[in-house]
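Single-structure report; data block below.
None of the values given here were measured: they were computed from a predicted structure.
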Amino acid sequence: MRFFCLILTVLLPSFLYSRGGSPVNKNIDVLHYVFALKLNDTTNIVEGRAVITARKLAAVDSVTFRLTGKESNGEGMIVTNVRISGNVVVWNHAGDNLTIFTGNTAKGDTLNFEVIYNGIPADGLIISENKFGNRVFFSDHWPDRAHNYLPCIDHPSDKASLEFLITAPVKYR
């Protein structure tokens, strides 16, 4: 029994810590997220604007955030514009990865990324009806489902402050 408890004590924390399916991004440290989302009752399309403040931890020319791309079933996000500190930059959104080319920035620099996007969340933000037939929006990000509609480092080990700014029809509280 002691052996089992010892194994459980040693292995369980590492299993839980690595539970996120997204790889840990060691090139940047996200300090703060601001997610501005516009919801509506006409469609399930969400319009998003993410402002991500991050510090570069390595001298690399690009950083990658997770964001599910549009899939054949119509779900997923489409990135329409990316800026760093107000300047339009080159980016590539393929599969679940949004790679942003940072240009002449150095290790230790703090960058402000702005990502404009829209689409139907594949997961993470559930748009449905409750038992009374009312339309509801419910977020469930644990442990690594936020990237289905939010550009982010989607791993439980990523610790950053965040803000949500939601614009929705008046009837919602």
Side-chain angles (χ1 to χ4, degrees), residues 8-39 46-71 75-87 89-127 137-166:
L8 191 61
T9 303
V10 171
L11 295 181
L12 186 60
S14 63
F15 170 75
L16 291 175
Y17 189 76
S18 65
R19 176 92 168 93
S22 300
V24 176
N25 188 332
K26 296 186 186 286
N27 294 328
I28 61 169
D29 176 23
V30 174
L31 305 172
H32 187 70
Y33 293 101
V34 178
F35 297 115
L37 302 174
K38 185 176 180 184
L39 311 175
V46 173
E47 296 176 31
R49 176 179 175 262
V51 177
I52 305 165
T53 303
R55 183 175 42 249
K56 286 183 68 176
L57 300 178
V60 294
D61 65 353
S62 67
V63 297
T64 300
F65 297 101
R66 297 286 311 265
L67 181 64
T68 297
K70 189 166 184 179
E71 300 169 358
E75 294 178 340
M77 298 293 142
I78 298 170
V79 175
T80 58
N81 196 353
V82 177
R83 296 175 184 270
I84 297 177
S85 299
N87 299 310
V89 294
V90 176
W91 51 272
N92 180 36
H93 187 207
D96 287 350
N97 294 311
L98 172 61
T99 301
I100 301 172
F101 297 92
T102 58
N104 284 336
T105 57
K107 176 181 176 180
D109 284 353
T110 298
L111 305 174
N112 289 303
F113 300 91
E114 178 184 25
V115 180
I116 307 296
Y117 63 100
N118 65 70
I120 299 172
D123 197 5
L125 179 65
I126 294 91
I127 303 171
F137 300 86
F138 178 79
S139 64
D140 182 6
H141 301 158
W142 183 258
D144 61 348
R145 294 167 46 187
H147 73 274
N148 286 288
Y149 75 106
L150 301 172
C152 59
I153 305 298
D154 199 5
H155 193 278
S157 68
D158 181 47
K159 307 299 183 218
S161 58
L162 67 97
E163 298 174 60
F164 278 101
L165 308 172
I166 308 296

Examine the side chains of N112 and T53 and answer whether a donor and an acceptor come within less than 3.5 Å of each other. yes

Hey, what do you get for NE2 (H32) to CD (E163), rounding to the nearest 0.5 Å? 3.5 Å

Test side-chain contact (heavy atoms from CB on, under 4.5 Å) on V46 and I127; report intermediate values, then the result. CA-CA 10 Å; V46 173; I127 303 171; 4.2 Å; yes

Testing the basics here: between P143 and D154, what is the closest heavy-atom pair and its distance to 0.1 Å? O-OD1, 4.0 Å

What orientation do H141 and Y149 show, parallel under 30°, tilted 30 to 60°, or perpendicular over 60°? tilted

side-chain contact (heavy atoms from CB on, under 4.5 Å) between M77 and V79, intermediate numbers included: CA-CA 6 Å; M77 298 293 142; V79 175; 5.8 Å; no

Flag the pair Y33 / P151 as yes when at least one side-chain heavy-atom distance between them is below 4.5 Å, and no otherwise. no

What do you reckon, is NZ of K70 surrounded by more than 12 foreign heavy atoms closer than 6.0 Å? no

If you apply the rule side-chain contact (heavy atoms from CB on, under 4.5 Å), what do you find for F137 with I166, and how did you get there? CA-CA 11 Å; F137 300 86; I166 308 296; over 6 Å; no

Taking T80 for the side chain and I116 for the main chain, is one N or O donor matched with an acceptor at less than 3.5 Å? yes

Atom pair CG (N118) and NZ (K38), whose distance is rounded to the nearest 0.5 Å: 11.5 Å

Give, for atom CD1 of I84 and atom CD of E114, the distance between the pair rounded to the nearest 0.5 Å. 11.0 Å

Run the side-chain contact (heavy atoms from CB on, under 4.5 Å) test on F65 and V30 for me, step by step, so that the C-alpha distance in whole Å, both residues' side-chain angles and the decisive distance to 0.1 Å come before the verdict. CA-CA 10 Å; F65 297 101; V30 174; 4.0 Å; yes

Quick one: closest heavy-atom pair of I126 and R145, and the distance? CD1-NH2, 4.0 Å

Tell me the closest heavy-atom pair linking T102 and V60, and the distance in Å. OG1-O, 3.5 Å

So, using ring pair (Phe, Tyr, Trp, His ring centres under 6.0 Å) as the criterion, who are the partners of F164 when residues are at least two apart? F35

I need the D144 CG to D158 CG distance, nearest 0.5 Å. 12.5 Å

Give, for atom NE2 of H147 and atom CG of D123, the distance between the pair rounded to the nearest 0.5 Å. 8.5 Å

Please tabulate, one pair per line, all N/O donor-acceptor pairs under 3.5 Å involving side-chain atoms of residues 91-101, not counting sequence neighbours.
{"residue": "H93", "atom": "NE2", "partner": "L67", "partner atom": "O", "Å": "2.8"}
{"residue": "D96", "atom": "OD2", "partner": "R66", "partner atom": "NH2", "Å": "3.3"}
{"residue": "T99", "atom": "OG1", "partner": "T64", "partner atom": "OG1", "Å": "3.2"}

Non-neighbouring partners of Y117 that pass ring pair (Phe, Tyr, Trp, His ring centres under 6.0 Å), sequence neighbours left out: none

Could you tell me whether the side chain of L150 reaches within less than 4.5 Å of the side chain of L37, counting heavy atoms only? yes

Value for CG (L125) from CG (L39), rounded to nearest 0.5 Å, stands at 6.5 Å

